[in-house]
Amino acid sequence: MTAAICLWSGPRNVSTALMYSFAQNEGVAVIDEPLYGHYLRVTGAKHPGYEEVIAAMNCDGDAVMRELLLRQAENPEPRLFVKHMAHHLVDLDLGFLRQTCNVFLIRDPRDMLPSLSIQLPEPCLADTGLRRQWELFSGLRAAGQEPVILDSRELLSDPRHVLSTLCQRIGIVFTPAMLSWEPGPRPEDGVWAPHWYHNVHRSTGFAPYRPKTEPVPDRLLPILEECRPHYETLYAEAVRARPNR
């Protein structure tokens with residue numbers, strides 16, 4: 001059976017760029033964060049566009065995942081690439097993970113937190129998804145799966161190699177078309193795109209990695225220290241760019 005690909009990302013991790021990349025592959029259909037409405041309904045988190053998201057989506061997360069798995073089972077082609085946020089997995093039956101091909105996307109919290117704090121001025125560890133990613137990854141590994149971990153720095157440093165390695169491991173044919181796309185919104189974008197996707201809408205491909213030079217604001221240092229061990233443990237398993245890139 002062809003398994004749907006579930007990307008479990010944290011916020012501000014170039015996950016939308018990765019979704020746009022897979023959208024260029026003719027054998028793939030992409031879906032943008034189908035559990036976002038469920039997450040907002042269950043948690044009441046006041047994200048930008050909260051009411052619009054709730055109104056636009058099926059907010060029963062278990063039903064959402066059942067429908068996606070049924071869609072893939074009944075129509076194996078194209079292969080589904082479903083972009084998720086790891087922290088959206090709240091109050092859900094996680095049994096569906098046994099039927100999906102699971103990929104994790106992480107980002108150094110030193111780079112991620114200042115960006116996240118623009119939309120969420122006082123982020124907490126749960127908002128980053130890092131602890132949830134580690135729990136999911138270790139649980140899937142213990143169950144016999146071999147999830148792939150991508151790191152945004154490695155991906156941006158060598159997109160062709162990292163993407164082709166990912167595709168090989170998840171059973172997708174890599175095509176050079178995955179390295180670029182037209183600027184602007186995509187029809188698959190969630191209704192939250194105007195709040196979160198400004199940069200990716202201006203992009204035409206993966207921007208070269210540039211480390212942040214400004215210091216992390218003092219108010220974010222406590223959460224940075226909370227994030228660091230989860231990130232470093234996951235990064236140890238991540239696909240690497242080629243040396244000397």
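Just the heavy atoms: all of them, side chains too, but no hydrogens, waters or symmetry mates, feed the values below. Fair warning: this is a prediction, and the values are worked out from it, not measured in the lab.
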Between Val30 and Val28, is a side-chain contact (heavy atoms from CB on, under 4.5 Å) present by the stated rule, with each step listed?
-> CA-CA 6 Å; Val30 302; Val28 177; 4.2 Å; yes

Among the clusters formed by ILVMFWY side chains lying less than 4.5 Å apart, do Leu40 and Met85 turn up in the same one?
-> no

Approximate separation, where rounding is to 0.5 Å, of Leu224 CG and Leu113 CG = 6.0 Å

Please report the closest heavy-atom contact between Gly95 and Asp93, naming both atoms and the distance.
-> N-OD1, 2.9 Å

Side-chain polar contacts of residues 123-136 - donor-acceptor pairs under 3.5 angstrom, sequence neighbours left out - could you list them?
unit_1	atom_1	unit_2	atom_2	d
Asp127	OD2	Cys124	N	2.9
Thr128	OG1	Leu125	O	2.7
Thr128	OG1	Leu130	N	3.2
Arg132	NE	Leu89	O	3.4
Arg132	NH1	Glu135	OE1	3.4
Arg132	NH2	Leu89	O	3.0
Gln133	NE2	Trp8	O	3.0
Gln133	NE2	Leu105	O	2.8

Kindly indicate whether the side chain of Ile31, heavy atoms from C-beta on, has any atom under 4.5 Å from the side chain of Phe81.
-> no

Across all chains, not counting sequence neighbours, the salt bridge (charged side-chain N to carboxylate O under 4.0 Å, His left out) partners of Arg240 are none

What residue pairs, at least two apart or across chains, pass ring-ring contact (aromatic ring centres under 6.0 Å, His included) with a residue in residues 203-244?
-> Trp181-Phe206, Tyr231-Tyr235

For residues Leu140 and Pro147, determine if any side-chain heavy atom of one lies less than 4.5 Å from a side-chain heavy atom of the other.
-> yes

Side chain proximity check, Leu7 to Ser15, heavy atoms < 4.5 angstrom = yes

Within-4.5 Å side-chain heavy-atom neighbours: Ser21 and Leu163 | yes

For Arg153, what residues pass the salt bridge (charged side-chain N to carboxylate O under 4.0 Å, His left out) criterion, not counting sequence neighbours?
-> Asp108

Side-chain (Asn75) to main-chain (Glu77) donor-acceptor, under 3.5 angstrom = no

Which residues pass the side-chain contact (heavy atoms from CB on, under 4.5 Å) test with Ile170, sequence neighbours left out?
-> Ile5, Phe22, Cys101, Val103, Val148, Leu166, Ile172

Joint cluster assignment, Val173 & Leu80, ILVMFWY side-chain distance < 4.5 Å | no

Indicate if Leu94 and Leu35 have the same hydrophobic cluster label, given that clusters are the connected sets of ILVMFWY residues with side-chain heavy-atom separations under 4.5 angstrom.
-> yes

Pairs satisfying salt bridge (Lys or Arg N to Asp or Glu O under 4.0 Å), at least one member in residues 214-234, at least two apart | Glu225-Arg228

Looking only at heavy atoms, the pair that brings His201 and Pro185 closest together is NE2-CA, 3.4 Å

Applied to residues 24-45, the salt bridge (Lys or Arg N to Asp or Glu O under 4.0 Å) test, sequence neighbours excluded, yields Asp32-Lys83, Glu33-Lys83

Minimum side-chain heavy-atom gap Val239-Arg169 below 4.5 Å = yes

Please report the closest heavy-atom contact between Val200 and Ser203, naming both atoms and the distance.
-> O-OG, 2.6 Å

Kindly determine whether Tyr50 and Trp192 satisfy side-chain contact (heavy atoms from CB on, under 4.5 Å), including the steps that lead there.
-> CA-CA 8 Å; Tyr50 172 91; Trp192 50 88; over 6 Å; no

Output, in order, the C-alpha distance, side-chain angles, deciding distance and verdict of side-chain contact (heavy atoms from CB on, under 4.5 Å) for Met65 and Leu92.
-> CA-CA 10 Å; Met65 293 312 302; Leu92 282 169; 5.7 Å; no

So, Tyr36 versus His84, ring centres under 6.0 angstrom or not?
-> no

Salt bridge (Lys or Arg N to Asp or Glu O under 4.0 Å) contacts in which one or both residues fall within residues 51-74, not counting sequence neighbours | none

Phe137 and Gln145: CA distance, side-chain angles, deciding distance, side-chain contact (heavy atoms from CB on, under 4.5 Å) verdict = CA-CA 9 Å; Phe137 176 79; Gln145 286 197 28; over 6 Å; no

Any donor-acceptor N/O pair, His38 side chain to Val90 backbone, under 3.5 Å = yes

Would you say Met112 and Ser152 make side-chain contact, with heavy atoms under 4.5 Å?
-> no

Can you list the steps and then say if Glu237 with Arg141 is a salt bridge (Lys or Arg N to Asp or Glu O under 4.0 Å)?
-> CA-CA 12 Å; Glu237 304 283 344; Arg141 174 76 65 85; 3.3 Å; yes

Below 4.5 Å, heavy atoms only, C-beta onward: do Asn102 and Cys6 meet side chain to side chain?
-> yes

Which residue pairs pass the ring-ring contact (aromatic ring centres under 6.0 Å, His included) test when at least one of the two sits in residues 144-164, sequence neighbours left out?
-> none

Atom CG in Leu155, atom CG in Leu150: separation rounded to 0.5 Å?
-> 6.5 Å

Set of ring pair (Phe, Tyr, Trp, His ring centres under 6.0 Å) partners for His87, sequence neighbours left out = Tyr39

Are Phe96 and Val64 side-chain neighbours, meaning at least one heavy-atom pair lies under 4.5 Å?
-> no

Please check if the side chain of Arg107 supplies one atom and the backbone of Arg12 the other of a donor-acceptor pair under 3.5 Å.
-> yes

Set of side-chain contact (heavy atoms from CB on, under 4.5 Å) partners for Gln168, sequence neighbours left out = none

Tell me the salt bridge (Lys or Arg N to Asp or Glu O under 4.0 Å) pairs involving residues 184-194, sequence neighbours left out?
-> Arg186-Glu188

Check whether any side-chain N or O of Glu154 sits under 3.5 Å from a backbone N or O of Ala241 as a donor-acceptor pair, and report yes or no.
-> yes

